[in-house]
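In this chain, numbering begins with 1 at the start of the sequence shown. Quantities reported herein were computed from a predicted structural model and do not represent experimental measurements. What you see below is based on every heavy atom in this structure, not just the backbone, and it leaves out hydrogens, waters and symmetry mates.
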Amino acid sequence: MVTPRFIALEGIDGSGKSTQAEMLGEALRARGLRVRRTREPGGTPVGERVRALLLEGAPGELSLPAEILLFAAARAELVQRAIRPALADGAWVVSDRFLDSSLAYQGAARGAGIDAVLDANRVALDGCLPDLSLVIDTPVVLAAGRRTAPPDRIESEGDGFLAAVAEGYHALAARFPERVRLVPGHGTAAEVHARVMDALAPLL
Ligand code: TYD
């Protein structure tokens, strides 16, 4: 039996990560594996309420420490109520965003620092880290063209902010190479999916 794994899809807004999470879930199911798909922030009843607190409202409304802790609180619910139980039950977990979103957005782009945000997340993680965090690495101009929904509180920070998030993801891939990988995000969804499956091949 293939060991059930926890895979996170990461990237800037409009990178195409949600499409890739969907395609990855389907590809794993087509191999006969059971898959639990989830998303952050959210993915549990309380997590979805925290999501609304985080994404509605004006830019600057929430202080940075409170923002970090609310993302971590939603994450704690997800780990305890969805991710751990699914893995224990033999299912793969494919999450649309996880810890590395906080490290890139709050740690790098907002300037709290990657180590500080990692520390703030320890209780939430409870030792549960993705086996692989795949960053769909799409240039900011391309991602801007792919976005369709109106911007939420965090997206409304603009393209300069997203460029800082992208730099944050690059820093994470350099610092945690065994866990965080960059997947070039240009080309069609099928082309990016093929790159995702290549990155995952050692785990299958
Ligand atoms: P998401 O639902 O992925 O938005 P979209 O589907 O539009 O990409 O994420 C919502 C926003 O929250 C997004 O701008 C990224 C941000 N975010 C953080 O800043 N930190 C975090 O830890 C997470 C999980 C998300």
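Residues Leu55 and Glu155 are not in side-chain contact: their nearest non-hydrogen atoms beyond the backbone lie 4.5 Å or more apart. With a 4.5 Å cut-off on side-chain heavy atoms, Gln80 and Thr44 do not count as touching. A 4.5 Å side-chain heavy-atom check between Met23 and Thr19 finds at least one atom pair inside the cut-off. Taking 4.5 Å as the limit, every side-chain heavy atom of Leu99 sits out of range of all side-chain heavy atoms of Phe71. Using a 4.5 Å heavy-atom cutoff, the side chains of Val94 and Arg36 are not in contact. Here the side chains of Arg31 and Leu204 are in contact, with some heavy-atom distance below 4.5 Å. Val117 places a side-chain heavy atom less than 4.5 Å from the side chain of Ser102. Using a 4.5 Å heavy-atom threshold, the side chains of Glu22 and Arg37 count as touching.
Remark: the backbone N or O of Leu132 is not paired with any side-chain donor or acceptor of Arg181 at under 3.5 angstrom. Side chain of Glu157 to main chain of Leu162: no donor-acceptor pair is present (N/O by atom type, distance under 3.5 Å, no hydrogens or angles). Of the possible donor and acceptor atoms, none in the side chain of Ser133 sits under 3.5 Å from a partner among the backbone N and O of Val180.
Considering CD of Glu67 and CG of Leu62, their distance stands at 5.5 Å, rounded to 0.5 Å. Considering CG of Leu54 and CG of Leu70, their distance stands at 5.0 Å, rounded to 0.5 Å. Rounding to the nearest 0.5 Å gives a distance of 5.0 Å between OG of Ser95 and CZ of Phe6. Going from atom CG of Asp100 over to atom CG of Leu118 covers 9.0 Å, rounded to the nearest 0.5 Å. How far NZ of Lys17 is from CD1 of Ile136: 9.5 Å, rounded to the nearest 0.5 Å. Rounded to the nearest 0.5 angstrom, Ile12 CD1 and Arg146 CZ are separated by 9.5 Å.
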Inset, instruction - Tell me, with the steps shown, if Tyr169 and Leu103 meet side chain to side chain contact (heavy atoms under 4.5 Å, CB included). - result: CA-CA 8 Å; Tyr169 278 126; Leu103 301 183; over 6 Å; no

Inset, instruction - Begin from the C-alpha positions of Asp89 and Arg34 and carry the test side chain to side chain contact (heavy atoms under 4.5 Å, CB included) through to its verdict. - result: CA-CA 9 Å; Asp89 193 36; Arg34 279 188 302 120; 3.2 Å; yes

Inset, instruction - Quick one: do Glu61 and Arg153 satisfy salt bridge (charged side-chain N to carboxylate O under 4.0 Å, His left out)? Show the steps, please. - result: CA-CA 9 Å; Glu61 193 177 58; Arg153 188 180 58 84; 5.7 Å; no

Inset, instruction - Just do the salt bridge (charged side-chain N to carboxylate O under 4.0 Å, His left out) check on Asp159 and Arg147 with the steps written out, would you? - result: CA-CA 12 Å; Asp159 286 354; Arg147 286 199 294 274; 3.4 Å; yes

Legend entry - Pair Ile83-Leu87, side chain to side chain contact (heavy atoms under 4.5 Å, CB included): steps then yes or no: CA-CA 6 Å; Ile83 297 174; Leu87 291 169; 3.9 Å; yes

Inset, instruction - Any chance you could lay out the side chain to side chain donor-acceptor pair (under 3.5 Å) test for Ser101 and Glu10, step after step, and finish with the verdict? - result: CA-CA 7 Å; Ser101 283; Glu10 293 281 356; 2.6 Å; yes

Inset, instruction - Show your reasoning for whether side chain to side chain contact (heavy atoms under 4.5 Å, CB included) applies to Asp13 and Tyr105. - result: CA-CA 11 Å; Asp13 307 284; Tyr105 281 76; 3.0 Å; yes

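A salt bridge is absent between Arg39 and Asp96: the closest approach of a Lys/Arg side-chain nitrogen to an acidic carboxylate oxygen does not fall below 4.0 angstrom.
A donor atom on one side chain and an acceptor atom on the other are found under 3.5 Å apart for Asp137 and His170.
Residue pairs meeting the ring pair (Phe, Tyr, Trp, His ring centres under 6.0 Å) criterion with at least one member in residues 28-66: none, sequence neighbours excluded.
Heavy atoms from other residues, nucleotides or ligands lying under 6.0 Å from CZ of Arg81 number 12 at most. More than 12 heavy atoms of other shown residues, nucleotides or ligands fall within 6.0 angstrom of atom CZ in Arg29.
With sequence neighbours left out, the side chain to side chain contact (heavy atoms under 4.5 Å, CB included) criterion links Val46 to Val50, Glu77. The side-chain hydrogen bond (donor to acceptor under 3.5 Å, both in side chains) check on Arg51 picks up nothing, with sequence neighbours excluded.
Put simply, the residue from Val93, Leu134, Val35 that forms a side-chain contact (heavy atoms from CB on, under 4.5 Å) with Ile7 is Leu134.
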